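Protein chains get the first letters and strands the later ones, always in sequence-line order, with residue 1 at the start of each. Just so you know, these numbers come straight off a predicted model, no measurement behind them.
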Protein chains: 2
Amino acid sequence: MSGSYKIGSLAKASGVSVETLRFYEKQGLLPEPNRSESGYRLYPESARNQVEFILRAKAVGFSLKDIAGLLDLEVNREQETCQTVKRFAEEKLMEIENKIQELQQMRTALKQITDACCGGPLPASHCTILTALADGHPDKEKQHATY
Amino acid sequence: MSGSYKIGSLAKASGVSVETLRFYEKQGLLPEPNRSESGYRLYPESARNQVEFILRAKAVGFSLKDIAGLLDLEVNREQETCQTVKRFAEEKLMEIENKIQELQQMRTALKQITDACCGGPLPASHCTILTALADGHPDKEKQHATY
DNA sequence: ATAAACCCTGTAGCTAACTATAGGGTCAAG
DNA sequence: CTTGACCCTATAGTTAGCTACAGGGTTTAT
């Protein structure tokens, strides 16, 4: 009745590997469960929710370290304010937005030099992509080289 | 006179550390330079361009491994076609775009649950952020809890 | 001539989030 | 009673891109 399952079942139920569960435990993301006489981990039903908390937090961009922090908040909900939690989340949001911007810059730069390339079956002797990387400026009508 | 400089100057000139240069050499991104009698690396002028090639390629999202590939292309430009080079670049472009999408999804999800949070100075007992992570659905008017 | 600044090799460490391996013990089925 | 599936710990390896020693030799400036 008190559903208490072993690590293999929890792993299957939550879609992660047994090793990952032990790893999360070592990282403090999962509480140490009770043990059977022979030392097997015995998880309560709630363990699955806790793993899923971790997975959802990961999915929205939190690192495991962040998640440990979130779980601390979660555990003493009463002692924390919404403000604290929201700040935490907003900081992460900004990190994500920064990463997006960085990648968008990369995309723009790479697209520019890629679009300029003929892509034809001829030797790449004058390939604009390689030239752009070598010279540091995309195309631009024959800027006579400075190096 | 044939400007041949030592690793420290190259490092300074190209804005990377000495260790990084040696590291790039070990990774095959920089050709092994000549050595002085005492075994010091002596770089030709062109070395700086090669380092800058690497840095620019990095800046547009290529990994060092990718760059090794690009340098192979660059070296045998005559033997390669623009097609090959362009495909290479387009593949990378797609990777970048995929990463952007992934991050945008994260941003949307995180923004949604963050916006729903009052952010007030009251205890986080019912904080919507923590609840969303715990339950797996953002807000939604009082879906009676399952945990 | 001596000290600082530079160079060398080789190896180890760092972060992140696992994954794998070695070398065991336990449990259920047939 | 043995086989196979499962569990345990502890340690090492993975990828990426460096960074930091340790323990030397060389060059340069004073």
Side-chain angles (χ1 to χ4, degrees), chain A residues 4-30 32-44 47 50-71 92 95-96 99 102-103 106, chain B residues 4-30 32-44 47 50-71 92 95-96 99 102-103 106:
Chain A
S4 91
Y5 41 135
K6 286 183 282 177
I7 199 168
S9 332
L10 176 57
K12 209 169 253 176
S14 48
V16 303
S17 79
V18 165
E19 291 77 28
T20 298
L21 289 176
R22 286 195 281 245
F23 173 72
Y24 285 169
E25 183 180 322
K26 238 185 301 182
Q27 302 303 111
L29 299 181
L30 289 174
E32 297 189 12
N34 292 329
R35 300 292 187 120
S36 74
E37 277 185 16
S38 50
Y40 287 17
R41 288 171 180 81
L42 293 178
Y43 294 96
Q50 298 184 42
V51 176
E52 284 169 357
F53 181 105
I54 296 171
L55 298 180
R56 274 188 295 263
K58 253 170 50 103
V60 297
F62 288 104
S63 69
L64 297 193
K65 214 175 155 194
D66 293 333
I67 297 171
L70 279 175
L71 284 165
K92 211 62 207 173
E95 280 176 37
I96 292 173
K99 264 190 216 163
E102 214 180 293
L103 283 170
M106 284 187 192
Chain B
S4 89
Y5 42 138
K6 285 184 281 179
I7 198 168
S9 332
L10 177 56
K12 209 169 253 178
S14 48
V16 303
S17 78
V18 165
E19 292 77 29
T20 299
L21 289 176
R22 287 196 280 246
F23 172 72
Y24 284 169
E25 183 181 322
K26 237 185 300 180
Q27 302 303 113
L29 299 182
L30 289 175
E32 298 190 10
N34 292 329
R35 300 293 184 118
S36 75
E37 278 185 13
S38 50
Y40 285 18
R41 288 171 179 81
L42 293 178
Y43 294 95
Q50 298 185 40
V51 176
E52 284 169 355
F53 181 104
I54 295 170
L55 297 180
R56 274 188 294 265
K58 252 170 50 103
V60 296
F62 289 103
S63 69
L64 297 193
K65 213 174 156 195
D66 293 333
I67 297 172
L70 278 174
L71 285 166
K92 211 62 207 173
E95 278 176 37
I96 292 173
K99 263 188 217 165
E102 213 180 294
L103 283 170
M106 281 187 195

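Atom-to-atom distance recorded for B:Leu21:CG and B:Lys26:NZ is 12.5 Å, nearest 0.5 angstrom. Atom OH of B:Tyr43 sits about 11.0 Å away from atom CG of B:Asn34, to the nearest 0.5 Å. For the atom pair CD of B:Glu25 and CD of B:Glu32, the computed distance is 5.0 Å after rounding to the nearest 0.5 Å. Separation of atoms CE (B:Met106) and NZ (A:Lys99) is listed at 7.0 Å; rounding is to 0.5 Å. We find the CZ-CG distance between B:Phe53 and B:Leu30 to be 11.5 Å, quoted to the nearest 0.5 Å. In this structure, NZ on B:Lys65 lies 13.5 Å from CG on B:Leu70, to the nearest 0.5 angstrom.
For A:Thr20, the side-chain hydrogen bond (donor to acceptor under 3.5 Å, both in side chains) partners are A:Ser17, not counting sequence neighbours. The side-chain hydrogen bond (donor to acceptor under 3.5 Å, both in side chains) search around B:Lys92 returns B:Asp66, B:Glu95, not counting sequence neighbours.
A straight line from CG of A:Leu21 to C1' of D:dC7 spans 13 Å, rounded to a whole angstrom. One can place CZ of A:Arg35 at 8 Å from C1' of D:dC8, the figure rounded to the nearest angstrom.
Scanning both residues, A:Pro44 and A:Tyr5, for their nearest heavy atoms gives O-CE2, 3.7 Å. The nearest pair of heavy atoms linking A:Leu71 to A:Leu29 is CD1-O, 3.3 Å.
Heavy-atom distances under 4.0 Å link DNA chain D to A:Lys6, A:Ile7, A:Gly8 of residues 6-14 of chain A, given in residue order.
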Derivation and outcome, side-chain contact (heavy atoms from CB on, under 4.5 Å), residues B:Tyr24 and B:Ile54: CA-CA 9 Å; B:Tyr24 284 169; B:Ile54 295 170; 3.9 Å; yes

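Mapping heavy-atom proximity under 4.0 Å, the span of DNA chain C touched by chain A runs 5' to 3' from C:dA17 to C:dC27.
Within 4.0 Å of B:Arg22, counting heavy atoms only, lies at least one base atom of the nucleic acid.
With contacts defined as side-chain heavy-atom distances shorter than 4.5 Å, the pair B:Arg41/B:Arg35 qualifies. Residues B:Leu64 and B:Phe23 meet the side-chain proximity criterion, which asks for heavy atoms closer than 4.5 Å.
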Summary of protein contacts for nucleotides 10-19 of chain D, nucleotide by nucleotide, where a base hit scores B, a sugar-phosphate-only hit scores S (4.0 Å, heavy atoms): -B-----BBS

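Overall, the helix from C:dA1-D:dT30 to C:dG30-D:dC1 carries an axis bend of 20° between its ends, with five pairs at each end and the value rounded to 10°.
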